[in-house]
Colleague: 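Got a structure here, written out as structure tokens. Questions coming.
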Number of protein chains: 2
Amino acid sequence: MGATKTDNFTQNQNELATFAKALGHPARVAIIEYLMNSDKCITGEIVDIIPLAQATVSQHMKELKQAGLIKGNVEGNAVCYCIDCEKWEEFKKMLNNIFEKLDKPVCC
Amino acid sequence: MGATKTDNFTQNQNELATFAKALGHPARVAIIEYLMNSDKCITGEIVDIIPLAQATVSQHMKELKQAGLIKGNVEGNAVCYCIDCEKWEEFKKMLNNIFEKLDKPVCC
DNA sequence: TTGCTTTATTGCAATATTACGATATAGATT
DNA sequence: AATCTATATCGTAATATTGCAATAAAGCAA
């Protein structure tokens with residue numbers, strides 16, 4: 001097939017998978033790291049930072065935006081991209097629910 | 001193309017992306033949740049839990065194993081799968097490095 | 001208006017992923 | 001040995017992802 005059977009899973013599982021999938025590419029990790037480290041919103045600098053063609057970077061931005069991990073405000077000529085902190089808090093919470101279990105003594 | 005250009009990114013970025021990608025499917029999220037919640041290693045129960053064909057589940061297990069998130073020990077007839085805690089700690093650390101930045105005041 | 005800059009979109013090719021039935025393999029059971 | 005049980009693998013089909021060049025769109029500057 002090729003299409004994920006999302007119907008069979010909980011909304012939570014699907015949402016966590018969506019976040020994780022969006023982060024599942026080194027270019028997108030790099031973009032997120034860059035956005036997290038900058039204290040201002042960033043536009044075309046990302047194209048200079050990521051060693052991929054502009055069209056490819058734009059596509060990665062789109063995927064991050066669709067997953068909800070970043071926001072993009074049009075600002076005159078350019079677009080101001082930034083972290084969507086609320087979504088990241090949600091992501092963090094979901095992952096912490098999983099990480100919690102690691103503290104249990106039984107870990108084979 | 002279709003193949004990710006891993007050469008262009010740091011080892012850290014690639015590793016985080018690999019972990020995230022492995023978690024980027026609801027079935028694999030469900031498998032991890034199940035393994036995290038059980039106090040014993042699990043074998044074929046996963047096939048009963050996940051609403052997908054046995055072959056498909058086996059494939060997902062393989063991907064989780066390849067990413068390093070789970071371990072599988074052959075135990076007689078069956079295979080005992082379990083969380084690879086060390087890898088998960090590594091995953092957790094990498095994500096916390098990113099989550100840390102969320103506390104900064106500037107978040108547009 | 002004409003061109004420049006920035007970003008998005010389109011079209012395309014290569015490769016990867018998802019899913020399943022059928023089959024293989026390997027240990028357990030009778 | 002014959003059979004059952006549990007997993008893995010193979011083959012195949014459908015769809016998704018990655019990447020780029022070329023082009024479009026939208027605002028800015030001259």
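Chain letters run A, B, ... following the sequence lines, proteins first, then strands; residues in each count from 1.
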Colleague: To the nearest 0.5 Å, tell me how far N37(A) CG sits from I32(A) CD1.
Modeller: 11.5 Å
Colleague: Quickly work out the M61(A) CE to dT17(D) P distance and round it to whole Å.
Modeller: 18 Å
Colleague: Can you figure out which of dA6(D), dT9(C), dC20(D) approaches the side chain of T56(A) most closely?
Modeller: dC20(D)
Colleague: Round to a whole Å and report the spacing from CD of E63(B) to P of dA19(C).
Modeller: 10 Å
Colleague: Using a 4.0 Å heavy-atom cut-off across all strands, classify A78(A) as base, sugar-phosphate, or nothing.
Modeller: sugar-phosphate
Colleague: Please state how far atom NZ in K62(A) lies from atom P in dT10(C), giving the value in whole angstrom units.
Modeller: 7 Å
Colleague: Starting from C1' on dT7(D), measure out to CG on L64(B) and report it in whole angstrom.
Modeller: 15 Å
Colleague: When the nearest nucleotide of DNA chain D is assigned to A27(A) and to S58(B) on a heavy-atom basis, which residue is associated with the more 5' position?
Modeller: S58(B)
Colleague: How many Å lie between NE2 on H25(B) and C1' on dA16(D), as a whole number?
Modeller: 11 Å
Colleague: Closest-nucleotide mapping onto DNA chain C: is E45(A) or L52(B) further toward the 5' terminus? I mean the 5' end.
Modeller: E45(A)
Colleague: Let's see if you can work this out: which of dA6(D), dA22(C), dA8(D) has an atom nearest to the side-chain heavy atoms of Y81(B)?
Modeller: dA8(D)
Colleague: For F9(A) and dA19(C), what is the distance between atoms CZ and P respectively, to the nearest whole Å?
Modeller: 7 Å
Colleague: Rounded to whole angstroms, how far apart are CD1 on I31(B) and C1' on dT18(C)?
Modeller: 13 Å
Colleague: Determine whether more than 12 heavy atoms belonging to other residues, nucleotides or ligands lie under 6.0 Å from atom CD of E45(B).
Modeller: yes
Colleague: Would the base of dA6(D) count as contacting Q54(B) through its side chain, where contact means a donor and an acceptor less than 3.5 Å apart?
Modeller: no
Colleague: Any idea which of dA8(C), dA26(D), dA19(C) is nearest the Q59(B) side chain?
Modeller: dA19(C)
Colleague: Taking all non-hydrogen atoms of both residues into account, name the closest pair between F9(B) and P51(A) and its distance.
Modeller: CE2-CD, 4.0 Å
Colleague: Could you check which of dT5(D), dT18(C), dT18(D) has an atom nearest any side-chain atom of R28(A)?
Modeller: dT18(D)
Colleague: Quick check for you: among dT9(C), dC20(C), dA19(C), whose closest atom lies nearest to any side-chain atom of H60(B)?
Modeller: dA19(C)
Colleague: In Å and rounded to the nearest 0.5 Å, what is the CG to CG distance from N97(A) to L16(A)?
Modeller: 9.5 Å
Colleague: Need to verify one output field. Residue with the more 5' nearest nucleotide on DNA chain D, K21(B) or A3(A)?
Modeller: A3(A)
Colleague: In whole angstrom, what separates N77(B)'s CG from dG27(C)'s C1'?
Modeller: 5 Å
Colleague: Nearest to the side chain of T4(B), which nucleotide is it out of dG19(D), dA22(D), dA19(C)?
Modeller: dG19(D)
Colleague: Can you tell if the side chain of F19(A) reaches within under 4.5 Å of the side chain of L95(A), non-hydrogen atoms only?
Modeller: no
